[in-house]
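Reviewing the structure listed below.
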Amino acid sequence: MLLGVSVVVFVAMHLLPGDVATLLLGDRATAASLARLRHQLGLDQPVFVQYWRFLAGALSGDFGTSLRDNRPALGEVLEAFPTTVELTVSALALAVAIGLPLGVFAAFREGTWLDTAITTPTLFGVSMPVFWLGLMALLLFSEKLGWMPTGGLMPIGAHMPDRTGFSIIDAFLTGNASLIWQAIRHLLLPAATLATIPLALITRITRGEVLASMHLDHVRTARAKGLPEGRVRRAHILRNALIPIVTVIGLQLGLLLSGAFLTETIFSLPGLGRLMVDAILARDYPVVQTGAIFIAGLFVLVNFAVDISYGLLDPRVRRKGTR
Amino acid sequence: MSGSVLLAPPPVGRATLLARPAAKVGLGIVLLFLLVCAAAPLLAPYDPYAQDLMHALAGPSALHPLGTDQYGRDVLSRVLYGARYALFAVIVGDGLALVLGSTLGLLAGYIGGAVDAVIMRLVDILLAFPYLLLALILVAALGPSLLHSLIAIGIVYTPQYARLIRGQVLTVRQSDFVRATRALGASTSRVLLRHVTPNSLSPVVVMATLQAGSVIIETAGLSFLGLGAQPPSPDWGALLADGQNYFLTAWWIATFPGLAIFCVVLGFNLFGDALRRAFDPRAQ
């Protein structure tokens with residue numbers, strides 16, 4: 001799969017119309033300087049050779065250098081990576097922590113006004129353009145109310161040692177309470193913005209799955225044999241509803257990474273999304289290529305982890321795996 | 001399983017489709033959106049490109065109900081004309097995904113074997129990318145423009161149609177009435193065109209409607225990042241990007257295009273949901 005991903009990225013970057021050398025040097029470049037640059041970048045080689053060199057380099061950790069500042073492309077990607085992880089993980093945590101109980105609560109009160117009060121906003125949530133929501137949140141909470149910072153990871157001028165790249169972890173490492181508070185404050189609004197759509201989806205799916213498993217035969221049997229309602233709900237309804245819910249939570253990663261690109265732009269966070277968009281606009285293709293493979297590879301690995309987690313939740317999957 | 005496929009699907013009447021108020025709201029929004037697209041020149045009070053620097057960054061007023069932007073262009077007129085860009089995105093982006101995905105899905109499902117394996121592997125690889133990342137890579141390769149962003153979006157949404165159609169074809173192919181038709185001596189092309197395709201169509205219509213909303217959001221997102229429609233075109237995403245630079249002083253420039261995206265996407269989602277319920281008896 002990872003090989004397939006690298007082929008798609010490579011093909012997109014090298015075979016689609018648009019000559020990188022012309023893009024870099026502009027329309028007025030001379031034929032000689034174009035040829036020199038093509039030779040420098042290895043673009044005058046056959047495609048298979050180019051791909052092989054690219055793959056061999058990638059396997060030894062060499063993804064080329066950024067065309068903007070001549071630094072290793074992988075270094076730039078790794079530098080931006082913690083910010084994106086911090087943003088997506090906190091958004092997912094928010095979405096799960098709120099969405100899961102809300103969905104369960106709505107399902108157990110199906111048809112009541114509470115159910116409607118929870119499900120109607122989720123419908124709005126899934127139709128929300130995240131970049132607009134972010135702007136509106138900034139306008140309201142930062143500009144009008146002044147509760148939140150307008151962007152970035154830390155206040156301008158704040159000095160924090162960069163040890164792990166994760167602003168919250170770095171802040172905790174300093175032990176300075178005001179820095180920790182600043183780090184959390186700066187992440188709160190972007191994370192809440194990014195969490196909106198996953199939150200809406202997780203609430204809806206949880207409600208649907210819990211409702212579906214409430215009407216299964218074994219639940220009726222459990223009630224008939226006189227199990228207390230709390231145990232029926234925990235052991236028979238929720239346990240059963242959990243597998244599709246975990247799938248949906250796992251699937252949110254793609255959505256979150258996509259949303260992170262836009263959220264980072266709005267809140268000026270120096271993450272992977274911002275790096276990729278800047279690199280595309282500056283035609284810095286080694287960075288685009290490295291970032292794309294890095295993100296897609298990560299995505300494949302996380303999906304794989306989600307697959308494995310089914311075995312922990314569903315004995316049927318586990319048995320099939322060991323057979 | 002095959003017994004249930006043998007039964008003709010229940011007819012989709014207006015009553016089932018519009019039974020819920022949400023469905024009526026959804027259809028209403030979609031129709032209004034189409035009306036605005038068609039009648040934008042009649043509805044817009046100003047030329048969307050006409051600059052009036054004397055009235056730049058003016059707030060909402062009787063003269064300019066949604067205010068003006070940094071060049072004094074009327075925001076209402078630009079938002080109304082922007083609807084046409086959104087419709088164009090749905091037709092080209094969603095349409096491209098539908099045509100590409102359906103063709104691949106039909107081929108994979110009906111021919112099977114090596115063709116199926118190759119197509120589905122490609123689909124799996126495309127699905128291994130977060131969707132906006134794939135769109136970004138393709139736009140990076142093609143160069144930023146509205147058409148390129150739509151081609152990218154079309155390719156990004158292709159795998160979902162391909163998977164759906166392939167699954168449908170595999171089910172319909174095995175159903176009793178298709179086997180009966182084949183036993184009666186119908187040719188492959190007749191089976192594909194007269195029986196398999198129409199019976200695979202309803203979930204595709206549902207998906208196309210539900211995806212229309214996503215396509216509008218994605219295209220606007222790419223334009224917002226500066227990779228789709230370029231200024232001065234009144235694409236909603238481009239308007240938002242424009243407004244972002246002024247939103248602390250002139251909130252109306254970014255607020256109204258975003259509201260327009262939200263309403264239209266909500267409309268498509270509500271209507272798509274109603275279609276899904278009407279076509280799929282299990283969802284009711």
Side-chain angles (χ1 to χ4, degrees), chain A residues 1-5 7-9 11-18 23 120 123-124 126-136 138-139 142-144 150 197 253-262 265-266 272-273 276-277 279-281 283 285 288-289 291-292 295-300 303, chain B residues 22 26 121-122 124-144 148 152 155-156 213-214 216-218 220-227 236-237 240-241 243-244 247-249 251 254-255 257-270 273 283:
Chain A
M1 188 56 88
L2 282 173
L3 205 64
V5 164
V7 173
V8 170
V9 174
V11 167
M13 292 285 121
H14 291 257
L15 291 189
L16 287 174
L23 283 178
T120 312
L123 206 62
F124 294 124
V126 292
S127 308
M128 193 69 80
V130 67
F131 41 102
W132 180 64
L133 186 71
L135 277 182
M136 293 299 113
L138 267 181
L139 189 64
S142 306
E143 186 56 27
K144 299 280 179 220
T150 50
I197 298 177
L253 188 80
L255 201 70
L256 280 168
L257 280 174
S258 301
F261 284 41
L262 295 157
T265 305
I266 295 163
L272 275 178
M276 288 286 285
V277 174
I280 289 173
L281 290 172
R283 286 153 183 170
Y285 85 99
V288 177
Q289 194 164 276
I295 299 171
L298 190 76
F299 190 53
V300 170
N303 283 341
Chain B
R121 194 82 349 225
L122 185 69
D124 283 344
I125 290 172
L126 288 182
L127 283 173
F129 288 90
Y131 56 94
L132 193 62
L133 175 68
L134 185 56
L136 282 177
I137 298 171
L138 294 169
V139 172
L142 294 166
H148 291 164
I155 294 175
V156 169
S214 312
I216 292 177
I217 289 194
E218 293 333 324
L222 285 177
S223 297
F224 178 74
L225 293 173
L227 303 171
W236 288 338
L240 257 169
Q244 188 192 12
F247 87 101
L248 294 182
T249 45
W251 55 268
T255 304
L259 208 56
I261 299 176
F262 170 62
C263 289
V264 172
V265 173
L266 183 68
F268 274 108
N269 282 346
L270 290 176
D273 213 37

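Order of the sequence lines fixes the chain letters, A, B, ..., with proteins taken first and strands second; residue numbering starts at 1 for each chain. What you are looking at is a predicted structure, and each value in this text was computed from that prediction instead of being measured.
Looking at A/L298, there are no atoms closer than 4.5 Å to chain B (heavy atoms on both sides), in backbone or side chain. Looking at A/V277, the atoms closer than 4.5 Å to chain B (heavy atoms on both sides) all sit in the side chain, from C-beta outward. The part of B/D273 that comes within reach of chain A is its side chain, from C-beta onward, which places non-hydrogen atoms under 4.5 angstrom from that chain. Contact of A/V126 with chain B is made through backbone and side chain together, with heavy-atom distances under 4.5 Å. In this structure, the portions of B/Y131 lying under 4.5 Å from any heavy atom of chain A include both its backbone and its side chain. Within the 4.5 angstrom heavy-atom criterion, only side-chain atoms of B/L227, from C-beta onward, approach chain A.
What you find for A/M136 and B/T255 is that their closest heavy atoms are CE-OG1, 3.3 Å. Taking each heavy atom of B/L225 and A/L281 in turn, the nearest pair found is O-CD1, 3.9 Å. Residues B/L136 and A/I280 share a closest heavy-atom pair of O-CD1, 3.5 Å. Looking at every heavy atom in both residues, A/L135 comes nearest to B/F247 through O-CE1, 3.7 Å. Contact between A/A292 and B/I137 at its shortest, heavy atoms only, is CB-CD1, 3.4 Å. Heavy atoms only, all atoms of each residue included: A/F299 and B/L127 are closest at CE2-O, 3.7 Å.
B/F129 places a side-chain heavy atom less than 4.5 Å from the side chain of A/V9. Residues B/L133 and A/M276 meet the side-chain proximity criterion, which asks for heavy atoms closer than 4.5 Å.
Annotation: maximal heavy-atom pairing with chain B below 4.5 Å, among A/A296, A/S142, A/G291, A/A279, occurs at A/A296. Between chain A and the residues B/V265, B/L266, B/V139, the most heavy-atom pairs under 4.5 angstrom are made by B/L266. Residue with the most contacts toward chain B among A/N303, A/V5, A/T265: A/V5 (heavy-atom pairs, distance under 4.5 Å). No other option in B/A220, B/A241, B/G226 has as many heavy-atom pairs under 4.5 Å with chain A as B/A220.
Separation of atoms CD1 (B/I217) and CH2 (A/W132) is listed at 11.0 Å; rounding is to 0.5 Å. Of the inter-residue distances, the one linking A/I295 atom CD1 with B/L134 atom CG reads 12.0 Å to the nearest 0.5 angstrom.
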In a table with atom names and distances, give each donor-acceptor pair under 3.5 Å that connects a side chain of residues 254-262 of chain A to protein atoms at least two apart or in another chain.
unit_1: A/S258; atom_1: OG; unit_2: A/G254; atom_2: O; d: 2.9
unit_1: A/S258; atom_1: OG; unit_2: B/L132; atom_2: N; d: 3.2

